[in-house]
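One structure is given here, and the rest of the page talks about it.
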Amino acid sequence: MEVTSSSGTSSGKATSNAGNWKEYERVLLPPVKDLHKLDVYEDKGGYAALREVLTGKWEPATVADTVKASGLRGRGGASFNTGLKWTFMPPVDDGPRYLCCNGDESEPGTFKDRQLMEYNPHLVFEGILIACYAMSITTCYLYIRGEYADWITHMERELEKAYARGYVGKNIFGTDFSTDIVIHKGAGAYICGEETSLMESLEGKRAYPRIKPPFPAQFGCWGRPTTINNVETLACVPLIISRGADWFAGLGAKTLPGPVLYGISGHVNRPGVYEYPTGMLISDLIYDVCRGMRNDKKLKAVVPGGSSTPPLRADMIDGICMDADSLREAGSMMGTAGMLVMDEDTDMVKWLRRVSHFYHHESCGQCTPCREGTGWLERLVAKIDEGEGNLRDLDLLIDLCSEMEGRTVCALADAAAWPVRYTLDRFRDEFEAKCRPSSVPVTQLVTA
Amino acid sequence: MDLHEPEVAKLPPRNPEPQVDPDALVFSAEEKERIAGYQKRYPTAEGAIMRALWLAQEKFGFLPPEVIRLVADELGVPYASAYGVATFYTQYYKEKVGRFVLDVCTCFSCQLCGGVDMLHHLESKLGVKAGETTADGMFTIQGVECLGACGSAPMMQVTNGPYIYNLTEDKLDELIEAMRAGSMPGFTSVTLPQDEDEMGGNRRTDIDEVAVYQTPPVAREID
């Protein structure tokens with residue numbers, strides 16, 4: 001397969017943006033037995049990037065510039081340029097500054113960070129430490145969702161070992177750079193994955209998102225400058241330092257480069273977490289990587305990046321790659337690369353009902369459009385699903401989505417509205433089929 | 001379901017009768033030390049509320065108002081702050097639960113791959129509805145939102161602890177038997193598909209319990 005950067009939709013022949021992915025060698029989760037153990041990780045060159053940065057007297061700004069040059073974009077859903085985000089931090093003053101590593105991972109369909117933390121925890125720690133150095137931060141809070149209790153214990157055990165060996169804590173590698181990592185255990189709230197509510201949760205409050213601006217870089221945890229990055233994003237940082245920004249920028253799709261963990265679930269023969277470059281063809285992921293559809297059923301829909309990204313119909317994925325541009329062209333988003341595959345037997349109304357229930361349950365209740373809107377979305381979709389809906393309820397749903405989008409403090413209302421809007425748009429016949437026929441015959445309406 | 005009032009979260013009774021023996025309502029010296037340790041990690045006392053509530057829940061089993069008050073007093077924060085946190089997060093049990101809480105994931109990946117079937121099986125086997133506790137106080141079952149193990153659907157979590165992947169009805173029956181005998185399931189590691197291909201299986205030599213990603217079953221019901 002030739003390396004190409006075209007998304008291939010115009011040529012008619014599907015080409016991948018991931019290059020020669022069959023020969024790809026994993027870097028986030030390389031095939032090394034017991035890589036989670038500190039000794040093994042060191043043996044394989046672990047903490048060398050941190051050592052290089054600290055003892056090689058890199059300027060903090062150089063680290064940030066390198067990350068910026070690599071084109072690394074956040075893996076938590078918003079795909080924002082990581083190096084750029086780092087430069088938003090104000091100049092150092094006397095007070096503390098914080099880094100939050102977001103391991104809340106609650107987006108339905110997403111299950112990559114859990115395996116990254118289990119199998120390569122020290123890569124995450126090393127990334128955190130390099131990020132802290134780049135932004136002159138002395139405390140990092142690693143926020144892990146409470147459901148991952150076993151992985152929190154695992155991470156705490158490994159963190160203790162890193163402390164004992166002097167990689168974390170005071171005067172790392174004998175330099176005057178000191179950083180603490182604190183693991184914070186959540187307790188079950190989807191909203192904590194949103195950066196400002198994550199900070200509220202850290203502060204020991206109900207996790208209500210904050211109004212932006214001020215942005216976290218100006219007013220973050222306890223009112224101090226704060227940067228929030230996803231676990232997988234930070235795990236990419238040591239790789240960028242040790243292998244170079246050019247290597248990273250050349251991997252996968254041009255506008256969203258690098259390795260990425262695809263979490264694929266649903267009606268495929270071999271679901272799971274797979275590491276490949278970005279820009280993989282969705283069809284390659286389903287039919288090649290995951291060995292095809294379960295029971296050879298036909299594909300009906302794909303949700304490319306977690307529950308809040310709009311679903312794509314089977315006929316919309318031809319030549320579409322898992323990267324920002326290609327998915328935008330198709331009418332969806334990269335999100336977290338947690339992909340749900342649905343076969344021809346799936347009832348989209350029931351699926352949407354479950355999605356709407358999720359958002360209704362997880363709305364924090366701070367803003368009225370979201371607190372009430374998510375409830376109404378669920379009630380209306382449930383009504384249609386129960387066969388008691390009218391055709392006008394479909395328009396009411398769209399109206400409701402418009403009343404929710406962009407009218408709340410955080411993006412949860414948008415995330416709840418998008419699946420409804422786009423599922424209705426792309427699978428309207430299924431919804432219409434479940435609605436009660438109009439009680440007034442169409443002819444009567446026309447003549448009246 | 002009631003189309004006008006879909007149930008998302010039940011509020012706990014506001015002022016229930018005290019449920020924890022007043023004599024037992026204390027933290028030991030060792031627990032106080034742990035809570036003080038949590039406080040050191042944050043610039044304010046509030047930061048430690050979540051961890052302290054976790055500790056209290058492990059000790060008392062659930063968080064009735066008197067336990068929340070104990071935590072608040074120990075940290076020196078207002079009761080309202082601790083109560084607010086305890087009622088915001090779903091993993092804190094506000095009411096007494098069974099010895100084993102079976103959280104079956106029914107969010108969409110699991111919904112489409114048999115999660116609802118598993119919940120229904122538990123309901124009929126244990127004779128209680130989702131959200132209820134068996135009369136002998138052994139099991140509470142509930143359907144929960146995404147637990148972040150979508151590729152291993154259907155799956156569940158036991159009492160905020162271990163994950164059980166790729167559930168089947170037989171596997172559930174065996175688990176229930178083992179739990180009736182008092183045994184809590186252990187930690188299971190899930191092998192990545194690429195590890196199976198490139199390393200011949202599990203990458204962790206320190207874990208015996210291993211699951212692999214499997215083709216999910218065909219769901220009979222999805223609501």
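Chain naming here is simple, since letters A, B, ... match the order of the sequence lines and numbering starts at 1 in each. All values below were derived from every heavy atom in this structure, side-chain atoms included, with hydrogens, water molecules and symmetry-related copies excluded. All figures in this text were calculated on a predicted structure; none of them were measured in a lab.
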Per-residue contact mode, [X] against chain B (heavy atom under 4.5 angstrom):
X         : value
His184(A) : both
Thr153(A) : neither
Val341(A) : neither
Lys37(A)  : side chain
Thr110(A) : backbone
Arg206(A) : both
Glu147(A) : both
Ile264(A) : backbone
Tyr141(A) : side chain
Ile191(A) : side chain
Cys192(A) : side chain
Ile152(A) : side chain
Trp351(A) : both
Val268(A) : backbone

Please check if the side chain of [X] supplies one atom and the backbone of [Y] the other of a donor-acceptor pair under 3.5 Å.
X         : Y         : answer
Asn120(A) : Leu28(A)  : yes
Ser183(B) : Met179(B) : no
Glu203(A) : Glu46(B)  : no
Lys383(A) : Asp393(A) : no

Heavy-atom closest pair, residues Asp223(B) and Arg353(A) = OD2-NH1, 4.1 Å

So, [X] and [Y], do they make that salt bridge, N to O below 4.0 Å?
X         : Y         : answer
Asp34(A)  : Arg203(B) : no
Glu169(B) : Arg220(B) : yes
Arg69(B)  : Glu74(B)  : no
Asp197(B) : Arg270(A) : yes
Glu118(A) : Arg204(B) : yes
Asp345(A) : Lys300(A) : no

Need one label for [X]: side chain, backbone, both or neither, based on atoms under 4.5 Å from any heavy atom in chain A.
X         : value
Ser152(B) : neither
Ala149(B) : both
Met199(B) : both
Pro154(B) : neither
Val190(B) : both

Just so I understand: if I count every heavy-atom pair under 4.5 Å between each of [options] and chain A, which residue has the most?
options                                   : result
Gln214(B), Gln157(B), Gln111(B)           : Gln111(B)
Leu53(B), Val218(B), Ile49(B), Asn160(B)  : Val218(B)
Tyr92(B), Trp54(B), Phe187(B)             : Trp54(B)
Pro193(B), Gly47(B), Cys146(B)            : Pro193(B)
Asp103(B), Thr215(B), Val85(B), Ile222(B) : Thr215(B)
Ala219(B), Pro217(B), Ala82(B)            : Pro217(B)

Do other residues, nucleotides or ligands put more than 12 heavy atoms under 6.0 Å from the [atom1] atom of [X]?
X         : atom1 : result
Lys33(A)  : NZ    : yes
Glu198(B) : CD    : yes
Lys171(B) : NZ    : yes
Lys161(A) : NZ    : yes

query = Under 6.0 Å from the six-membered ring centre of Tyr38(B) and within 45° of its axis: does the NZ or CZ of Arg41(B) meet both?
reply = no

note = Counting heavy-atom pairs under 4.5 angstrom with chain B, the leader among Arg354(A), His267(A), Glu105(A), Met342(A) is Arg354(A)

note = Ranked by heavy-atom pairs below 4.5 Å to chain B, first place among Tyr190(A), Tyr208(A), Trp376(A), Trp151(A) goes to Trp151(A)

